[in-house]
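Keep in mind that the numbers below use all heavy atoms, side chains included, and drop hydrogens, waters and symmetry copies. Note that the structure is a prediction, hence the values are computed from the model and not measured.
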Amino acid sequence: MTNLLALCLACTTAAAADLTPPSRVTAVVVYADRALVTRTVKVQVEAGESSVLLTNLPATLVEDSLSASVKSGPARLGGIELRRTFRPESSDGRVRALAREIEKLQDQQTELMSRIEVDKKALDFADRLQALEAEKAGRDAGSRPLNPAEWEAAVKYLSSLRSTRMAAILKTSADLRELQRTLEAKKRELDLIRSGGGRETRTAALLLTARDGGESSIEVRYVVPGAGWQPAYDARGDVQKKEVELTFFGLVTQQTGEAWEDVDLALSTARPSLGASMPELPPVFLSSAGFAYRPQVRAKAPRGGAKMMSAMPAAAPAARDAGYEAVAAPEPEQGGWETSEVESSGVSALYKLPRRQTVASGDTARRVTIDVVKLPAALTYETTPKMAPLAFLRALCKNNTAAPFLAGAVNAFLAGDFLGQSRIETTAPGQELPLQLGADERIKVKRDRLVEKTKESWWGKKLVLTQSFRLTIENFTGARQTVTVIDQIPVSQESGIEVRAFKSEPDPAEKREEKGELRWKLDLGAGEKRVIEFGYEVVFPEALAAQPAVRELILRRSASF
């Protein structure tokens, strides 16, 4: 009876019609190092059983991640199977077209290189001809008078020839560099197609059953590597308003070999590559024969592509249903930014972008806006005049959003000017967020060595060096500002060398003895100027001071004290 049932099932399956309707990627959730892809297919099914084939899926698809569900229509899912498929490269029109383009570019490359070689030979010929003319003029100088007009004409001709050939070489070299960039891009595209979407692909076979005929909509979900995103930020400081406008971007890349065109795109901060289990602490064994140490093993992704993401298809949707708090994005102002909708579970966040996106498969990152927030900030300036006569603006903010800010690069802007780049660390909701906003030249800083107060003298057969400095700080920002001024005195690491007689006007607000670091905190009104003067003595023992070479070295290096 069992054998008869199996035979009937096999016959029914064999009789199922193979349908190959078109499908398209409709949604993608991008993680740091992979993506969860949703592909939708609409198919007209008849009553009974039918087989639907989804072809040309990425060859790198993680097998255990494949799942499917019927979203609408009479069809019911009976099973799903993933097959490896191959196609002749000659049947891929894009591969043939790229190969022809690369051949043409290589021919152009050869032509340009030959042209440069000809121009170089002509340039070399002009140089040798000019040398011969000069040699000839030298030989003839004794036998007949030099004709200035003839010599001038020769020099002018050779100079013109050299200039023409040099200009031609520069232009052809520029054309060659541009062509080489295009050629490399075409080669990368061809390699990408051949490795990800070229000869080897995957086919998902869906077995459907239906009591009645009709159109059904089916979603197939799978995980692919070769995709990811990184955070990036623009921080615009406003000194007058005491706030920072922070724009949160996502830099999305994918090299999966398939097209993400007009898809619902979401970026997740979850890190499935870490796995769900905490790494175990290995023991450290001691014995009389020596030490045997087993190094600590860091958390890493399990080996094997098929097993790596086995929980992903079920885990991703379940997480969004388990206690996520929807946070509405602020309404964009006229001419403002569109921001993403954020779903946060407390341990991770999912940023749903407000409109459909297209991300091409290749090396170029797509920059998408996730959020724009205005953060109240305690703005202060810090300066180390000994290192640079500049004051750097520092903003201490708080993450007042419902989602974390991930570690990433920050482009700093002040008064519309780009001032440089810094980084932030991952900052949880409610956590303080320090931002470095670059140098503001409206705070003028100057450090002078008071040469007239610098002296060297012998006392008790010891060498005593006296150093003193003047720091000048001026505020031209138009508002009251707090400026922290940082300088230093030397720190002795030997009992025979003494740093003494430290004086400062005003006294530093903080003195870090272990580093010799001095900090003054100044409250400067608009247009106000403040001066700090400080000095100290360094005493070197007789054992060092009595050696002329060492004494000379001390005096030479004292400029860095």
Practice task
For residues Pro541 and Ile497, report the shortest heavy-atom separation together with the two atoms involved.
Solution key: CD-CG1, 4.1 Å

Handout entry: Spacing of Arg512 atom CZ and Glu517 atom CD [to the nearest 0.5 Å]
Key = 5.0 Å

Practice task
Report the residues that fulfil salt bridge (charged side-chain N to carboxylate O under 4.0 Å, His left out) with Glu261, sequence neighbours left out, ordered by chain and then residue number.
Solution key: none

Practice task
With sequence neighbours left out, write down each residue that passes salt bridge (charged side-chain N to carboxylate O under 4.0 Å, His left out) with Asp262, or none if nothing qualifies.
Solution key: none

Problem - From CA spacing to verdict: salt bridge (Lys or Arg N to Asp or Glu O under 4.0 Å), Asp175, Lys171 - result: CA-CA 6 Å; Asp175 293 341; Lys171 183 181 184 307; 3.1 Å; yes

Fill in the blank from the handout: Heavy-atom nearest pair, Ser361 first then Thr256, reads OG-N, 3.5 Å

Exercise for the section: Side-chain contact test, heavy atoms from C-beta onward, threshold under 4.5 Å: evaluate it for Val239 versus Leu393 and give yes or no. Expected result: yes

Handout entry: With sequence neighbours excluded, residues passing side chain to side chain contact (heavy atoms under 4.5 Å, CB included) with Arg177
Key = Ser173, Ala174, Arg181

Practice task
Measure from the ring center of Trp229 to the ring center of Tyr31 and say whether it is less than 6.0 Å.
Solution key: no

Fill in the blank from the handout: Taken in chain and number order and not counting sequence neighbours, the residues that satisfy salt bridge (charged side-chain N to carboxylate O under 4.0 Å, His left out) with Asp523 are Arg480

Exercise for the section: Please check if any side-chain donor atom of Ser504 sits under 3.5 Å from a side-chain acceptor atom of Trp520, or the reverse. Expected result: yes

Practice task
Decide yes or no on side-chain contact (heavy atoms from CB on, under 4.5 Å) for Leu267 and Leu350, but give the supporting numbers first.
Solution key: CA-CA 6 Å; Leu267 309 180; Leu350 185 73; over 6 Å; no

Practice task
List the atom of Arg236, the atom of Asp234, and the distance in Å for their closest heavy-atom pair.
Solution key: NH1-CB, 3.5 Å

Problem - Test log, rule salt bridge (Lys or Arg N to Asp or Glu O under 4.0 Å), inputs Arg447 and Asp487 - result: CA-CA 10 Å; Arg447 185 181 195 260; Asp487 215 301; 2.9 Å; yes

Handout entry: Side-chain touch Gln254/Trp260, heavy atoms, less than 4.5 angstrom
Key = yes

Problem - Phe502 vs Leu518, side-chain contact (heavy atoms from CB on, under 4.5 Å): CA-CA, chis, key distance, verdict - result: CA-CA 11 Å; Phe502 170 75; Leu518 309 171; 3.7 Å; yes

Exercise for the section: Enter the distance from Thr269:OG1 to Tyr351:OH here, rounded to the nearest 0.5 Å. Expected result: 6.0 Å

Exercise for the section: Would you confirm whether the ring centroid of Phe392 sits within less than 6.0 angstrom of the ring centroid of Tyr381? Expected result: no

Problem - Heavy-atom side-chain proximity of Glu258 to Pro58 below 4.5 angstrom - result: yes

Exercise for the section: Name all residues meeting the salt bridge (charged side-chain N to carboxylate O under 4.0 Å, His left out) criterion together with Asp507; count only those two or more places apart in sequence or in a different chain, and write none if there are none. Expected result: none

Problem - Listed once per pair and sorted, the side-chain hydrogen bond (donor to acceptor under 3.5 Å, both in side chains) pairs that draw on residues 420-437, sequence neighbours left out - result: Asn411-Gln421

Practice task
Indicate yes or no: at least one non-hydrogen side-chain atom of Leu246 is less than 4.5 angstrom from one of Leu433.
Solution key: yes

